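As the structure is a prediction and not an experimental result, all values here were calculated from the model. Numbers here simply count residues along the sequence, with the first being 1.
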Amino acid sequence: MRNRRLIALGVLAFWLVYYGVCQFPGLGGALNAGDSAKFQTLGHTSILVHGPGYPLVLLIGTIVRALSLPVEPWWAMTFAMASLPGAIANTMAFLIVTRLTRSRLFALAAAMLLGSAGLMAVQATEAEVYPLALCFILSVTYLLLCFVDTKDPRWFIAAVAVYALSFGNHLMMMMLAPVGLWVMIAHHRLLVRGRVIAAMVGLLLLGACQYLYLYWVTHQPSTAYSEYMPLPPTVGELIDYIRGTYFGDLYGSGLSSPQTREVLLDTLSHAHPHVSGPLMLAGLGIFVLGWRRRDSGWSGLALVFGVAFAFVPFMLWYGAYDIRAFHLPVLGPLVVASVAAIGWRLAPMPRAHVVVGLLLLAFAVIRTGVVATELRGREAPFDGMMTALEAAVAQSPVENPLVSMTYYERMVTLYYELLSHAPAPAEYRVTWRTQEEVERREVVGGIVFPTDGGQFLRWVEHRRPDLSCATIPLEQPTAPTWPAEGFLCRPSE
């Protein structure tokens with residue numbers, strides 16, 4: 001037990017250093033630069049992000065700001081909300097496989113394979129919410145396995161406590177509820193008791209109360225920005241915000257498109273090119289063929305595979321198939337369960353067990369090095385953007401320009417704007433917000449950055465035929481990485 005704990009601490013320390021050293025070198029990220037930059041803003045200023053609100057992430061931001069760490073706010077926020085949870089998730093993978101196989105060799109292989117999986121490595125080094133979700137998923141899974149093994153209700157209550165805390169990260173965590181109910185039904189004689197039920201209900205209500213913190217944040221004067229909701233909101237506006245009604249057109253749309261399934265399968269098969277696909281198929285095959293054996297190890301595998309497949313309906317239902325980030329709750333448990341299944345099947349064959357375990361571990365170590373090189377090779381895409389923006393604002397045709405920006409550039413500008421490092425005076429808007437603003441103004445002048453100014457003005461003249469618009473060329477200090485054009489729209493004579 002002591003050696004297992006020491007190894008687990010070593011796994012945690014390794015991945016903390018690994019993800020910290022390989023962190024994305026600036027604002028944004030490869031998966032969703034706009035969302036990542038927005039979350040990174042929490043490192044220095046209280047803002048509201050998109051629905052469902054992520055109150056736990058907002059709380060992490062509050063803690064990061066209170067610590068005033070001697071690093072860049074974007075780095076501290078990314079490490080706190082992604083790298084640290086990612087390292088914990090890999091440690092949970094080690095503990096899960098150790099409990100299922102009694103093999104530290106396969107447990108280390110599982111931790112290394114999960115940590116070096118392409119999607120996991122990228123998300124744990126960018127400001128994304130899904131490493132935290134996976135941390136909760138694997139932590140709950142481990143606690144449920146401990147309960148199934150020991151039959152001690154305290155482990156189940158601990159699992160409920162962690163699950164309740166996860167509500168504040170992402171409402172997707174509701175997909176894990178059927179697994180908990182399945183375990184509860186299978187062990188109803190131990191769990192359907194007054195004290196146990198009371199503890200569970202109390203913890204779940206306490207977890208749901210995290211959204212009261214979200215309500216509190218929306219009513220604080222220090223909350224400087226809200227993307228989708230007025231501040232302070234009405235109760236109805238807050239409920240719509242938590243429900244994510246702004247993305248309502250994506251709800252259920254995935255069921256009508258084969259792309260959601262195809263992209264999910266592509267994500268799983270390319271987690272480790274040429275290896276993760278066969279690995280998962282082998283794990284699933286071993287699990288299915290092990291039906292007749294059905295010992296405690298097989299039952300544990302059923303739990304972990306069940307956790308992975310519990311999230312598949314959400315992946316197929318939600319229509320944003322191009323955003324692979326939310327595939328991590330399926331990928332993580334599936335990698336862990338597959339490695340555990342192989343270790344469980346080979347346990348009666350010591351030589352094969354050692355050989356296969358060493359091969360998996362060796363591949364995982366090599367893969368970890370390769371991925372580190374790839375991660376370290378990333379470049380910050382927005383370096384120099386503020387210099388280009390400052391030059392554009394200085395040439396504005398009006399004193400207080402309305403600056404129309406794409407979503408990515410707007411979120412990066414927001415990070416600097418709330419630090420008072422963005423060019424002023426200017427009003428920055430994402431493109432569709434700029435269009436709304438144009439409708440309200442008699443004379444409109446400003447800058448289109450970095451989108452096509454001509455296209456923007458055609459939209460303005462279509463919606464406002466009373467205006468006559470003209471583009472104004474702007475000089476760029478360097479190559480036009482961020483092409484910008486001035487514009488001025490006045491009432492037609």
Side-chain angles (χ1 to χ4, degrees), residues 31-36 38-39 47-58 119 123 127-134 136-137 140 163-164 166-181 204 207-208 210-211 214-215 218 226-230 233-268 306-334 406-408 410-411 430-433 435-436:
L31 282 173
N32 192 326
D35 284 358
S36 291
K38 183 166 52 181
F39 284 119
I47 66 170
L48 287 179
V49 295
H50 54 270
Y54 309 100
L56 183 57
V57 177
L58 298 186
L119 185 62
Q123 291 205 41
E128 286 284 346
V129 298
Y130 298 101
L132 184 55
L134 183 61
F136 283 124
I137 291 166
V140 170
Y163 179 58
S166 74
F167 290 169
N169 176 55
H170 205 296
L171 291 181
M172 181 200 294
M173 293 299 296
M174 289 188 295
M175 303 302 295
L176 195 57
V179 177
L181 290 174
L204 292 173
Q210 291 177 84
Y211 285 88
L214 178 61
Y215 176 84
T218 64
S226 175
E227 185 177 7
Y228 291 102
M229 179 175 60
T234 65
V235 174
E237 289 170 336
L238 183 59
I239 291 174
D240 285 341
Y241 174 71
I242 293 172
R243 290 171 53 214
T245 54
Y246 311 99
F247 311 112
D249 58 331
L250 295 173
Y251 296 164
S253 61
L255 297 175
S256 60
S257 172
Q259 289 180 295
T260 52
R261 179 182 66 256
E262 293 169 1
V263 173
L264 175 59
L265 291 174
D266 184 70
T267 297
L268 298 177
V307 168
F309 287 107
F311 288 91
V312 170
F314 180 87
M315 308 301 152
L316 301 180
W317 174 77
Y318 193 62
Y321 60 85
D322 57 323
I323 303 177
R324 297 174 182 256
F326 61 85
H327 294 163
L328 193 59
V330 174
L331 173 64
L334 202 51
T406 65
Y407 177 68
Y408 291 170
R410 174 63 187 116
M411 292 300 102
V430 73
T431 302
W432 57 88
R433 301 290 188 198
Q435 294 169 352
E436 294 174 359

## Note on the structure
Contacts of Arg433 meeting salt bridge (charged side-chain N to carboxylate O under 4.0 Å, His left out) (sequence neighbours excluded), chain-then-number -> Glu436
Taking the side chain as every heavy atom from C-beta outward, state whether [X] and [Y] have any atom pair closer than 4.5 Å.
X	Y	value
Ile239	Thr245	no
Lys38	Tyr407	yes
Glu128	Asn32	yes
Tyr215	Ile242	no
Tyr54	Pro52	yes

### Query
Passes side chain to side chain contact (heavy atoms under 4.5 Å, CB included), Val49 versus Asp35? Steps please.
CA-CA 8 Å; Val49 295; Asp35 284 358; over 6 Å; no
### Task
Please check if the distance between the ring centroids of Tyr241 and Tyr211 is under 6.0 Å.
no
### Message
Using the ring centroid of each side chain, check whether Phe136 and His170 are separated by less than 6.0 Å.
### Response
no
[X] side, atom [atom1]; [Y] side, atom [atom2] - distance, nearest 0.5 Å:
X	Y	atom1	atom2	answer
Leu171	Ser166	CG	OG	9.5 Å
Met172	Phe167	CE	CZ	14.5 Å
Tyr318	Thr260	OH	OG1	13.0 Å
Leu31	Gln123	CG	CD	5.5 Å
Leu176	Leu181	CG	CG	10.0 Å
Met315	Leu265	CE	CG	12.5 Å

### Query
Please, which pairs that meet salt bridge (Lys or Arg N to Asp or Glu O under 4.0 Å) have at least one residue in residues 257-267, sequence neighbours excluded?
Asp266-Arg324
### Query
Given Leu331, which of Leu119, Leu134, Leu264 fulfils the side chain to side chain contact (heavy atoms under 4.5 Å, CB included) condition?
Leu119
### Message
Can you tell me which residue among Val312, Thr267, Leu268 is in a side chain to side chain contact (heavy atoms under 4.5 Å, CB included) with His327?
### Response
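That would be Thr267; it is the only one of Val312, Thr267, Leu268 passing the side chain to side chain contact (heavy atoms under 4.5 Å, CB included) with His327.
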For the student: nearest non-hydrogen atoms of [X] and [Y], plus distance:
X	Y	answer
Val179	Gly306	CG2-O, 3.9 Å
Ala127	Ser36	O-OG, 3.2 Å
Leu214	Pro55	CB-CB, 4.1 Å
Leu56	Asn169	CB-N, 3.9 Å
Met229	Glu237	SD-O, 3.7 Å

### Task
Using modelled atom types only, decide if a donor and an acceptor are shared between the side chain of Tyr163 and the backbone of Gly207 within a distance under 3.5 Å.
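No; zero donor-acceptor contacts below 3.5 Å.
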### Query
Do the side chain of Ser256 and the main chain of Ser253 share a donor and acceptor less than 3.5 angstrom apart?
yes
